[in-house]
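A short worksheet on the structure shown next.
What you see is a predicted model; the values in this text were computed from it and never measured. Lettering of chains follows the sequences in order, A, B, ..., and the numbering in each one begins at 1.
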2 protein chains.
Amino acid sequence: MNDQDTSDSILDAAEELFAKQGFAATTTKQIGSAAGVNPALIHYYFGNKEGLYRSLLGRLFESIMARGAEQLATSPPPDAAVRALIGIQSDTMVAHPSFPRLLARELVDHGMTHAGDSLSRLSETLFRRLCELIRGGQEAGLFRRDMDPRFAAVSVVSLVPYFHIARPVVGILLESGPEGPDEEAMRAYGRHAAEFALAALAARPDARATTEPAESG
Amino acid sequence: MNDQDTSDSILDAAEELFAKQGFAATTTKQIGSAAGVNPALIHYYFGNKEGLYRSLLGRLFESIMARGAEQLATSPPPDAAVRALIGIQSDTMVAHPSFPRLLARELVDHGMTHAGDSLSRLSETLFRRLCELIRGGQEAGLFRRDMDPRFAAVSVVSLVPYFHIARPVVGILLESGPEGPDEEAMRAYGRHAAEFALAALAARPDARATTEPAESG
DNA sequence: GTCTATAGGTGGATAGAC
DNA sequence: GTCTATCCACCTATAGAC
């Protein structure tokens, strides 16, 4: 086993364990054992436990940010772009189950010990792009104008991550067993989320009338 | 200080520290120090650290579930009910900042060491009620029928919690400083979330046409 | 690069005085 | 009920052999 293999297997094992148990609850012994290497090698390759965590988050967030930015580079019409963004979120999280958990832990821990800015940069880059898209859609008359574009952007990006973060509990609610929704259900939710977001954003042909339901039938 | 005061001050201090740092990263010494009591009293009142955590989650989730169930008891029309539910979420999280963080930690840790079913019961009770509401709204022609009511319910309940879970990062995105959005911004987002959800759910007067934007101008 | 052995420190929990 | 003292387990990190 060359050093690349060794450090990769440590990163892989740590990613899964940190996602499942959290940073503090995971021991270097567990990581070494799961990776099939001696725990002392963690210090040889990454300096210390926190260095390992940083490396792993960097590797994960950079690769995902690259994919997202690439997809949004070809400026499509706003509604197609929103659909594409949600599709990327869903595909990424289906393919990489430890990502939403690590993301959730970093979101609540933000500013504490760890990763710090790789998450901030990921968010900022994609988020600003999304805000502009929504504002553009509003100006084009495609999206309703009575929503703050930044709030709308938060709402758009919240749907898929929340589903995956809450996956064990969502599994109970959807009656898909204790393992959470299966892959097909996760993909189906991704499609739903895109429809839900676009329906929320869409301008109404006859605005005022539809928000107030028929009263006193 | 009588025993009620003592155990309450331990619960309060632990709630804040567990929310901020997580269960494993918080020491009994920290809790005792923050509560102004001897750490050994944790074992006197709660048996062990995990017993303390369970008590605290129970206290928090029960009180919130009670408030939510009470509000939804008076069966209002579906759209008003959705608005009310999101309002409760927002009010609860604004008033009780440690709740969203503890919720997030429990969501990702679910099935691991801790609380287990106080969260499941909270979710199931309110969630089933919401599913029925949405299905009812669909049958009444108030909500669009081409959405799975359970997926729609997940989407509806995801908005406000995600905003609060991601509060530190959302603060960066909204440029409200490192402390996250202030109370007014949080309340404003709550109002937005209700509009966003209702717009997504609402039936269109002329359905098919609006989802496809004008093509090849 | 990889392993063993171990140092150094901390955390949860208990016993027992008050 | 509250405090002090302490035990034991365990975890991170390092030194040093191979």
For B:Thr26, answer base if it contacts any base atom (sugar-phosphate contacts may also be present), sugar-phosphate if it contacts only those atoms, and nothing otherwise; contact means non-hydrogen atoms under 4.0 Å.
sugar-phosphate
Any idea how A:Tyr53 and A:Phe18 line up, ring-wise: parallel (<30°), tilted (30 to 60°), or perpendicular (>60°)?
perpendicular
Between C1' on C:dT2 and CD on A:Gln4, what's the gap in Å once rounded to a whole number?
17 Å
Looking at B:Arg150 and B:Cys131, would you say the former's side chain and the latter's main chain have a donor-acceptor pair under 3.5 Å?
no
Check the phosphate of C:dT2 against A:Thr6, side-chain N and O only, distance under 4.0 Å to OP1 or OP2. Yes or no?
yes
B:Tyr53 OH - C:dG12 P separation (whole Å)
15 Å
The side chain of A:Asp3 lies closest to which of these nucleotides: C:dG12, D:dA13, C:dG1?
C:dG1
Atom pair distance, as rounded to whole Å: CZ in B:Phe46 and C1' in C:dT14
18 Å
Check the distance between D:dC10's C1' and B:Lys49's NZ and give it to me in whole angstrom.
13 Å
Kindly say whether the aromatic ring centers of B:Tyr162 and A:Tyr162 come within a distance under 6.0 Å.
no
Value for OG (B:Ser98) from CG (B:Leu103), rounded to nearest 0.5 Å, stands at 11.0 Å
How close or far is atom C1' of C:dT2 from atom CG of A:Asp5, stated in whole angstroms?
15 Å
Close side-chain approach of A:Ser155 to B:Tyr189, heavy-atom, < 4.5 Å:
yes
Taking DNA chain C as the partner, which of residues 38-45 of chain A come within under 4.0 angstrom of it by heavy atom?
A:Asn38, A:Ala40, A:Leu41, A:Tyr44, A:Tyr45
Contact check, side chains of B:Ile134 and B:Met147, non-hydrogen atoms, under 4.5 Å:
no
For C:dG11, does either OP1 or OP2 sit under 4.0 Å from a side-chain N or O belonging to B:Thr28?
no
Between P of C:dG12 and CG of B:Leu52, the distance in whole Å:
11 Å
